[in-house]
Amino acid sequence: MDKRVESLIQEAEAYYRQGKFEAARSICYQLIQVQPDFAPSYKLLGNILQLSGKLEAAIRAYQSGIDLFEKTSKGSIQLGECYADLGDSLIKIGAIEKAIACLEKQIILQPNSAEAYCTLGILLHEVEDRKRAFDCFTTAIQIKPNLAEAYGNLANLLAELNQVSEAVNCLRKAIILKPDLAELSGNLGALLFEQGKFKESIFYLKKAIEIKPDYANAYHKLGQVFQQSNQLEEAVACLQKASELQPDFAAAYGNLGMSLQLQGKLCEAIAAFHKAFQLQPDLSLLFFKGQKHLEDTLEQLVAFPNTPPKTVCLSIANIAVDLDTNKPDLTYIKINFGQSVYLRAPKNSSGNFPQVPPNLQERWGEFPERYLAILPNGRAWGDLITTAILTEQNQLLAELSTGNVAHFTQVNKLPTIKKFDGTIAFLSTIGGDTYYHWMMDILPRFKSLQFQGIDWDAIDKFVVNNYTRAFQRETLKVLGIPQEKIITSVEYPHIQASQLIVPSVPSSIPKWFGNYIQGVPPWVCKFLRQELMPLAGPNPLKGYERIYISRQRSQFRRFVNEEEILDCLGKFGFKMVILESFSVSEQIAIMAAAKAIVAPHGAGLSNAVFCQPGTKLIEIFAPRYVENCYWILSNHINLDYYYLIGESLEKYYATRPQIRPLKRLYKDARTDDIYVKIDSLLKLINFANLAY
């Protein structure tokens, strides 16, 4: 090598190491003038240009160096490094396909470079070539078993391929190799959350935050874990911290709004959603997602002149204060006072869950008073999940509104309003298209109208969420509601009426209304039994003394080992029934005849309201989703109630990988399927004195 060339290289490299890129670049240009065919000078120039942010120029320099290296057939190691550097620049400008080609050439020259395989795997994963990406990551690990980055990226790929347990194992190995990399602990915490392992998830997310105190994503995920496990104070604190660390974190504000709403802090929740949609306006459209009849209207949404609501009335009893008016624009008609009830503790054999879940613990509880609100020119929103009641002056009546109300208040475009002359009774409520909410919320609201002696002939229309299902038509026929008077929120989600009558919410009581029981009140049980029990007929149905209610026709919350359960229960005389295959009358007759019932948590247990006092009821839950509505119902009608918490699905599929579903095992906790260990079920059957 010419001494002048050697001197210039040393000088350029010295400036480069010192971060004096302008001086280093100037020397490189001199070097190229002195010896234009010296390939290493182009590689060094490319590095300098890349660090200076001049990516296009860096790419040209690297390419010149590669051309010279290939002509001389020398320096294969440097040629491989040059391809690696060129690939890095191409990645930074988003030229992924070209970067992939560079990495493939580097690997030909440097077949033992684990880092090259790992980078190529990342790129292939990005272009969704998962098979080749998997091969690259596994090859990188074979070459260099202590490469934490390869394990971490393989974990991301495996999680995407629905191999969550394998992904968790990879992340555990990566953390052993690189315990101070916060992202590894954060990703592991997120996957453990998907598996329903809340405690371990919280541990790793906290560890990620300890390593990296400004890790906004970890705080966000930790907030979601706390929210899902009903630790709402902790959830709010984490989500607030995430939004403080990253003020433009729209999703953190949205989840903060959800947690605040679950706490009953509606006004604070509305403020959080407002901030989320300021940062990312299209998030407001999520309100319409998941309901086809609303998604079909997205292109026809119109700006409503008075959105969001001008004011929020949390309690109609305090409406004058909340709305700052002496003449509230509504009529309030009390039906009866609230009611205190004592809820006896449920029974469990303590075989798999010795501590009673918080929402099943013995206590006194309160149900609010019942009333009617009559609004001149009142306005209502209704879909299958959320309802909102507003006065003519656009004041939200929060205690009559259910579901994701805070989100709704910040949606500034809605379907065109449908105006009705006359009197409309608005009965839609959260989940009103499902069997449970239909029976426990919708039908009792008809009863509330009856209590005041309102002439149904004077009501022009009754609004319910939907009216397409057989159980809806059958029960309204029993109540004597003419079909021609029914309109649905599916057809008209946004309405206004000359006179809007809205009964108070029976069981799905808005949390912000007060610390009331979120379940069916005693009067609803009495009403349903009085109105619908006669459908069972005068004589008990034979052959249904012991029944197992299957959810095999449902899309979620099914027993994954149902055949084992059927075999077990069959030995004790239990008969499987699929309630949705029967009419409502037949369902009532079956439940009225039952003396013992085993069922996963689901809408079919709404019919337990028709059981005889003393009937034994065993309800089985998924670990992440324990609801108390049927325990509350059982208290009202004196059922002998037992519960069992299922096992983690991971335990089931770990020994049955061939039947592991392609979809993620864990998404919304409400949809988790259930795995029941037969030993636990047998122990509970014996504990409940159901064994022969």
Side-chain angles (χ1 to χ4, degrees), residues 77 80-81 83-85 87-88 91-92 96 99-100 102-104 106-107 109-127 129-222 225 648 650 653-654 657 664-666:
I77 293 176
E81 291 173 351
Y83 272 119
D85 293 336
D88 190 37
I91 292 168
K92 288 176 179 175
I96 303 302
I100 288 171
C102 283
L103 268 296
E104 288 172 337
Q106 180 193 358
I107 285 170
L109 294 163
Q110 298 175 332
N112 293 320
S113 174
E115 289 79 5
Y117 275 106
C118 187
T119 303
L120 179 57
I122 293 169
L123 297 179
L124 291 167
H125 188 186
E126 190 169 333
V127 298
D129 191 343
R130 295 181 179 87
K131 172 65 172 65
R132 290 179 64 204
F134 179 87
D135 293 340
C136 283
F137 293 136
T138 52
T139 301
I141 291 168
Q142 288 171 358
I143 295 169
K144 193 172 182 179
N146 63 346
L147 186 59
E149 289 80 2
Y151 283 109
N153 282 289
L154 178 57
N156 293 338
L157 176 60
L158 288 168
E160 200 172 281
L161 293 171
N162 209 31
Q163 299 179 43
V164 178
S165 293
E166 293 84 348
V168 165
N169 292 336
C170 279
L171 283 170
R172 292 189 192 280
K173 291 176 183 176
I175 288 171
I176 291 170
L177 295 167
K178 220 166 191 177
D180 294 331
L181 188 58
E183 286 74 14
L184 293 175
S185 291
N187 290 343
L188 179 55
L191 286 181
L192 290 166
F193 171 48
E194 285 197 21
Q195 290 184 312
K197 299 176 181 177
F198 291 165
K199 288 185 179 179
E200 203 176 357
S201 171
I202 290 168
F203 171 82
Y204 279 102
L205 288 168
K206 285 184 174 179
K207 181 179 178 182
I209 290 167
E210 182 181 335
I211 297 167
K212 187 178 177 181
D214 62 347
Y215 195 174
N217 279 326
Y219 274 109
H220 181 227
K221 182 57 69 175
L222 183 57
V225 179
S648 166
E650 290 297 329
Y653 288 115
R664 290 278 182 104
L665 292 180
Y666 300 97

Taking side chain as C-beta onward, heavy atoms only, is Y83 less than 4.5 Å from E104?
no

Heavy-atom side-chain proximity of E149 to K178 below 4.5 angstrom:
yes

Where do P179 and I211 come nearest, in terms of heavy atoms and distance?
O-CD1, 3.3 Å

Spatial distance of atom CG (L154) from atom CD (Q163) [nearest 0.5 Å]:
9.0 Å

For K144 and N146, run side-chain contact (heavy atoms from CB on, under 4.5 Å): C-alpha distance rounded to whole Å, both residues' side-chain angles, the deciding distance at 0.1 Å, then the answer.
CA-CA 5 Å; K144 193 172 182 179; N146 63 346; 3.0 Å; yes

Run the numbers on L158 and F134 for side-chain contact (heavy atoms from CB on, under 4.5 Å), then give the verdict.
CA-CA 8 Å; L158 288 168; F134 179 87; 4.0 Å; yes

Checking I141 against L147 for the side-chain contact (heavy atoms from CB on, under 4.5 Å) test, could you report, in this order, the C-alpha distance in whole Å, the side-chain angles of both residues, the deciding distance, and whether it holds?
CA-CA 6 Å; I141 291 168; L147 186 59; 5.8 Å; no

Roughly how far, to the nearest 0.5 Å, is the NZ atom of K212 from the OG atom of S185?
12.0 Å

G87 to L103 - nearest heavy-atom pair and separation
CA-CD2, 4.2 Å

To the nearest 0.5 Å, how far apart are CG in L184 and CD1 in I176?
11.5 Å

Within the 4.5 Å heavy-atom criterion, are I100 and D129 side-chain neighbours or not?
no

Which heavy atom of A150 sits nearest to which heavy atom of A140, and what is that distance?
CB-CB, 4.0 Å

Any side-chain heavy atom of L109 sitting closer than 4.5 Å to one from I77?
no

Residues 196-211 vs salt bridge (Lys or Arg N to Asp or Glu O under 4.0 Å), sequence neighbours excluded, gives R172-E200

Close aromatic pair by centroid cut-off 6.0 Å: F198 and F193
yes

Do F203 and L192 have side chains that approach each other closer than 4.5 Å (heavy atoms only, starting at C-beta)?
no

Can you find a heavy atom in the side chain of H125 that is under 4.5 Å from one in the side chain of L123?
no

Looking only at heavy atoms, what is the nearest atom pair of A155 and L171, with distance?
CB-CG, 3.5 Å

Tell me the closest heavy-atom pair linking A167 and L191, and the distance in Å.
CB-CD1, 3.6 Å

Output for pair (I107 CD1, C136 SG), nearest 0.5 Å, gives 5.5 Å

Using every non-hydrogen atom in the two residues, find where G186 and L205 come nearest and quote the distance to one decimal.
O-CD2, 3.6 Å

Could you check if a side-chain atom of I122 sits within less than 4.5 angstrom of a side-chain atom of F137, using non-hydrogen atoms only?
yes

Going from CG on D85 to CD on Q106, what distance comes out if it is rounded to the nearest 0.5 angstrom?
8.5 Å

Taken to the nearest 0.5 Å, the spacing of L188 CG from I175 CD1 works out to 4.5 Å

So do the side chains of N153 and N156 get within less than 4.5 Å of each other, counting heavy atoms only?
yes

